[in-house]
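Here the structure is laid out as structure tokens; the discussion comes afterwards.
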Amino acid sequence: MTPLTGIPSPPLEWASFEVGPLTVHLYALFIVAGMILAVLWTDRRLTARGGEKWITVDFAIWAVLLGLLGARLYHVFTHPADYFFEGANFWRIFFIWEGGNAIIGSLIGGAIGIFIASRMTGIRMLAFSDALIPGLLLAQAVGRLGNYFNHELYGWPTDLPWGLQIEASNPAFPVGLPEGTLFHPTFLYEMLWNLAGIALIVLLERMFRWRTGKTLAAYLIWYGTGRMWIESIRVDYSEVILGMRSNVFGALCLVIVGVALFIYVSRLPVSQLSTSIYLPGRDPESEAARAAETAQGAEADELDGDDEPDGDDELDADGSELDADEETSAQSSVHDEETSEAKPNSGAAENTPDESEEVSTSSKN
């Protein structure tokens, strides 16, 4: 047996622990810790560029949920032999705490989540992505510690002094190799690659004042290049696409997209490079002005409604007027009748001039 040297793997018992009825997996804790660090750093960068405080949380909700879903599904469908076989437990597809979450899949799902959040918040997708990149690389570096505790994501056999110790009973241990064989710690290579990427990208961003997608493009190129050579030396099974491991093919696609994005953004005229991180008309000032205008319109409509007479009141008013007219008409009719009756009596009492003369002559006789 070859004596063990190199980097020892932690006991598998450390991969999880019990808290009451719950089982807590270190892999999940490292992922959550990486997410928290990414949110804090991204929010600080976005706020410095004019964003609202904690608007990053709105993006995180969508990006994390769809990112986890994409990461798991990408891993499952690029390692079908591990999940689709006779007697397999279908629900293991969703056991993310067992490891097996492809970063490339999380980038695809996360991008969809960022797009949705961008439409909801009014912040440009590329502007948010640029602010996210350093925090994203940090989250990916922290998350790789979970692979270390799960005894996964290691590469070819090696005799280098930093070779990783892996027990021969490991499911991914190559058949035919002697116990005590050391392997490339590819999880560690990716951690260091990501940390180096943070330093390089932040430096270039400050030197050249990158905006509007160039930071994102640099990340895709840097991360994709690193994953291509790291994935090429892994020993675990993977589907093959165009003669390449599926993750190598995915990483190559990242590089191509990154190069195309960098060229596209570099050729945009200055007039199309907005200094605002918000979409046109979606900044807080415009949103506040629009809300105030809407409130004023609603208040004006309410005042107009108060000035208009109520329909029932109109009927009541008309009814009252009609009653008064009827009463006046009735009184007038009574008065006319009384006048008519009074006129004959007064006519009988009065004498005409001839009648008066006759009465006078009769009296003399």
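- No single ILVMFWY cluster, assembled from side-chain heavy atoms under 4.5 Å apart, contains both Leu69 and Leu107.
- Aromatic ring pairs are classed by plane angle as parallel below 30°, tilted from 30° to 60° and perpendicular above 60°; the pair Phe208 and Trp210 is parallel.
- Contact check for Tyr74 versus Ile103: no side-chain heavy atoms found under the 4.5 Å cut-off.
- Of the residues Tyr154, Tyr189, Trp156, Trp162, the one that meets the ring pair (Phe, Tyr, Trp, His ring centres under 6.0 Å) test with His184 is Tyr189.
- Among all heavy-atom pairs drawn from Arg124 and Tyr278, the shortest one is NE-O, 3.0 Å.
- Ile123 has its side chain within reach of Leu46: a pair of non-hydrogen atoms, C-beta onward, lies under 4.5 Å apart.
- Taken together through direct or relayed side-chain contacts under 4.5 Å among Ile, Leu, Val, Met, Phe, Trp and Tyr, Ile104 and Ile256 form parts of separate hydrophobic clusters.
- Shown here for Ala38 and Ala139, the closest heavy-atom pair between the two residues is CB-CB, 4.1 Å.
- Here the straight-line distance linking atom CD1 of Ile7 with atom CG of Leu188 works out to 5.5 Å at 0.5 Å rounding.
- A single hydrophobic cluster is not seen to contain both Ile36 and Leu195; linkage of ILVMFWY side chains at heavy-atom distances under 4.5 Å, directly or through other members, places them apart.
- With Arg227 contributing its side chain and Leu252 its backbone, the two residues share no donor-acceptor pair below 3.5 Å.
- Two residues are said to be in side-chain contact when any heavy atoms from C-beta on lie closer than 4.5 Å; Val255 and Met228 meet this criterion.
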For this session: Step by step, work out the side chain to side chain contact (heavy atoms under 4.5 Å, CB included) result for Leu12 and Glu167.
Result: CA-CA 10 Å; Leu12 277 174; Glu167 68 282 2; 3.9 Å; yes
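- Closest heavy-atom contact between Leu26 and Trp14: CD1-O, 2.8 Å.
- In this structure the side chain of Phe187 never reaches within 4.5 angstrom of the side chain of Phe149, judged on heavy atoms.
- In summary, the side chains of Arg144 and Asn147 do present a donor paired with an acceptor at a separation below 3.5 Å, with no hydrogens or angles considered.
- For the pair Ala33 and Val142, the tightest heavy-atom approach, listed with the atom from each and the gap, is CB-CG1, 4.4 Å.
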For this session: Verify side chain to side chain contact (heavy atoms under 4.5 Å, CB included) between Glu52 and Asp58, making sure each step is shown before the conclusion.
Result: CA-CA 11 Å; Glu52 297 178 79; Asp58 295 341; over 6 Å; no
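- Minimum heavy-atom separation, Phe77 to Pro80: O-CD, 3.8 Å.
- Under a 3.5 Å cut-off, the side chain of Thr186 and the backbone N or O of Leu153 do form a donor-acceptor pair.
- To the nearest 0.5 Å, the span separating CD1 on Ile201 from OH on Tyr223 amounts to 12.0 Å.
- The CG atom of Leu145 sits 11.5 Å away from the CG atom of Asn150 when rounded to the nearest 0.5 Å.
- By the 4.0 Å N-to-carboxylate-O rule, Arg234 lies too far from Glu190 to be salt-bridged with it.
- Annotation: Phe115, atom CZ; neighbour count of heavy atoms from other residues, nucleotides and ligands within 6.0 Å does not exceed 12.
- Checked against the 6.0 Å centroid threshold, His151 and Phe183 do not count as a close aromatic pair.
- Remark: Thr5 OG1 to Gln165 CD distance equals 7.0 Å, nearest 0.5 Å.
- A continuous path of Ile, Leu, Val, Met, Phe, Trp and Tyr side chains, each step under 4.5 Å between heavy atoms, connects Phe128 with Leu37, placing both in one hydrophobic cluster.
- Taken to the nearest 0.5 Å, the CD atom of Gln140 stands 13.0 Å off from the CH2 atom of Trp193.
- The shortest distance between side-chain heavy atoms of Leu29 and Phe17 falls below 4.5 Å.
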For this session: Walk me through it: do His75 and Tyr83 pass the test ring pair (Phe, Tyr, Trp, His ring centres under 6.0 Å)?
Result: CA-CA 10 Å; His75 170 79; Tyr83 300 94; 5.7 Å; yes
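- Around CH2 of Trp229, the count of heavy atoms belonging to other residues, nucleotides or ligands within 6.0 Å exceeds 12.
- In this structure, Arg290 does not pair ionically with Glu293, as no charged nitrogen and carboxylate oxygen lie closer than 4.0 Å.
- Crowding of Phe84 atom CZ: a count of heavy atoms from other residues, nucleotides or ligands under 6.0 Å exceeding 12.
- Between Phe59 and Ser118 the shortest side-chain heavy-atom distance falls below 4.5 Å.
- A distance of 6.0 Å separates OH in Tyr27 from CD in Glu152, rounded to the nearest 0.5 Å.
- Looking at heavy atoms from C-beta onward, Arg49 lies in side-chain contact with Asp130 at the 4.5 angstrom threshold.
- Taking both residues in full, the closest heavy atoms of Val248 and Ser232 are given as CG2-OG, 3.8 Å, listed atom of the first, atom of the second, then distance.
- Leu160 has its side chain out of reach of Leu182: every pair of non-hydrogen atoms, C-beta onward, lies at least 4.5 Å apart.
- The neighbour count for Glu18 CD, taken as heavy atoms of other residues, nucleotides or ligands under 6.0 Å away, is above 12.
- For the pair Arg211 (side chain) and Thr275 (backbone), a donor-acceptor distance under 3.5 Å is absent.
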Exercise. Between Arg119 and Leu279, is a side chain to side chain contact (heavy atoms under 4.5 Å, CB included) present by the stated rule, with each step listed?
Worked result: CA-CA 9 Å; Arg119 300 301 100 181; Leu279 294 167; 3.9 Å; yes
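- Cluster annotation: Leu40 is not connected to Ile114 through the hydrophobic network of ILVMFWY side chains, with a link wherever side-chain heavy atoms come within less than 4.5 Å.
- Thr181 contributes a side-chain N or O that, together with a main-chain N or O of Pro178, makes up a donor-acceptor pair within less than 3.5 Å.
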